[in-house]
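Okay, so here's the structure we're looking at.
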There are 2 protein chains.
Amino acid sequence: MKASLLLQTALRHFAQHGYEGASLQEIAQDVGIKKPSIYAHYRGKDDLFLTAMTHALATQKIHLATYFISTRHLSLEESLKGFFDWFLEESTQNDQLKFILRIAYFPPVKLEREVTDLINPFFDSMQRHLTRLLRERDRQEQILYSDDYESAALAYLTVTEGTMTEFVFNGVEAYQRRFTAVWPIFWRGLVR
Amino acid sequence: MKASLLLQTALRHFAQHGYEGASLQEIAQDVGIKKPSIYAHYRGKDDLFLTAMTHALATQKIHLATYFISTRHLSLEESLKGFFDWFLEESTQNDQLKFILRIAYFPPVKLEREVTDLINPFFDSMQRHLTRLLRERDRQEQILYSDDYESAALAYLTVTEGTMTEFVFNGVEAYQRRFTAVWPIFWRGLVR
DNA sequence: TGTTAACTAACGACCGTTAGGAAGGTGACG
DNA sequence: CGTCACCTTCCTAACGGTCGTTAGTTAACA
């Protein structure tokens, strides 16, 4: 039980201060134990970090997949656009996303290989899922301008990344400003 | 002379390891001096960091402005699209951009205020310049679908950010894949 | 002569980590 | 049922190492 609280606290610290900036001292203090007690649960800082990462990736993967499954009955536009609103409501898991974004862009140098080996499959899988979703939906709706679904998926990912990042780091208002600016243009470029 | 080499080396280290992860020891060694010699040029780590940041922002601001001035004679599409190619060629200054992106998203906690006070005006100014450029060009060309130039600028920024980030962190191929995917869709959504 | 930029030596603080032990719970066995 | 061994989880104390920083000195140069 303490182990998962420890993991969740560590993730928050890693997200906020980065690998090098996070201190086991402060993490332990936040959990309410002493620093050496961490070693009863994890082999060390690296182990704590990589475990937090594995856990965050697995959780987020399920979390994202769940949304697109739950909106099977909606139109493609409603599903794609609704993802932004849904994401906003689910912002409890901000720490995990911030953590993932941070280590994806700026992995700790000494764990670079381990990080990219875990991160790349995550993003690849997201892109594949999205491509498949676009293809299947377009077969029914015949709504998209081009049948290059892979490019459409990549473009959608670029837009979501850009706006989500804005949300995670600059707050709701900046996010909504950016989303209402970019979505109409993007969608207009996407459909017939 | 050593002072500017020091600055440039420090920037590279900050970009790669972050504020907390960068070590004065290693920076000095990279320059070819001993650690305490840094204090002959800067008051300390904070001063080194903030000076590097101020310098990088000023340089990049001029650098970006120069492009859009130099393409006054081109069409709006050529100017906006050409920016991506131009940026790719100018990739010498990658360190500066990587540094700026890193500290914009993940500022060192203890210098958070100083960083945002310098970063926000930078991005605001970019957006204002872009909005003005779009308005002036559209007055001549009458090409854009909407006259909401601020939204268009914000959308363009989202797309550039998304693809540039991809370039800085995942290399040229990932960048070009993403750009060729997103640009046609974006431009189609933008024009009449 | 004063200034600049380098050096060596050393400071206290914090880092991640290890050793060793105390408290509490769990399960096996007589 | 009692008890003994074991494991888990926490603790205190301390380790070697690195961190940013300061003091004090020296050589070069204006």
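Lettering follows sequence order; numbering is per chain, from 1.
Rounded to an integer number of Å, the gap from CD1 of Ile38(B) to P of dC7(C) is 10 Å. Between the OH atom of Tyr39(B) and the P atom of dC7(C) there is a distance of 15 Å, given to the nearest Å. Atom NZ in Lys45(A) sits about 14 Å away from atom P in dT18(C), given to the nearest Å. Spacing between atom OH of Tyr42(B) and atom P of dA5(C) amounts to 11 Å, rounded to whole angstrom units. dC15(C) atom C1' lies 12 Å from atom NZ of Lys110(A), rounded to whole Å.
Note on Leu74(B) and Leu134(B): separate hydrophobic clusters, where clusters join Ile, Leu, Val, Met, Phe, Trp and Tyr whose side-chain heavy atoms are under 4.5 Å apart, directly or indirectly.
Using a 4.5 Å cut-off on side-chain heavy atoms (C-beta onward), Lys98(A) and Phe167(A) make no contact. Between Gln8(A) and His55(A) there is no side-chain heavy-atom pair separated by less than 4.5 Å.
Using bins of under 30°, 30° to 60° and over 60° for the plane-to-plane angle, the ring pair His63(A)/Trp86(A) lands in the tilted bin.
Contacts with DNA chain C (heavy atom under 4.0 Å) in residues 11-29 of chain B: none are found.
Taking the centre of each ring, Phe186(A) and Phe186(B) stay at or above the 6.0 Å mark. Here the two rings, on Phe99(A) and Phe49(A), have centers that are under 6.0 Å apart.
Checked options His73(B), Glu77(B), Glu78(B); the residue passing with Ser75(B) is Glu78(B) (criterion: side chain to side chain donor-acceptor pair (under 3.5 Å)).
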_Return a single string for nucleotides 10-16 of chain D, one symbol per nucleotide in 5' to 3' order, where B is base contact, S is sugar-phosphate-only contact and - is none, cutoff 4.0 angstrom on heavy atoms._
SBBB---
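Here the shortest heavy-atom pairing between Lys110(B) and Tyr19(B) reads NZ-OH, 3.8 Å.
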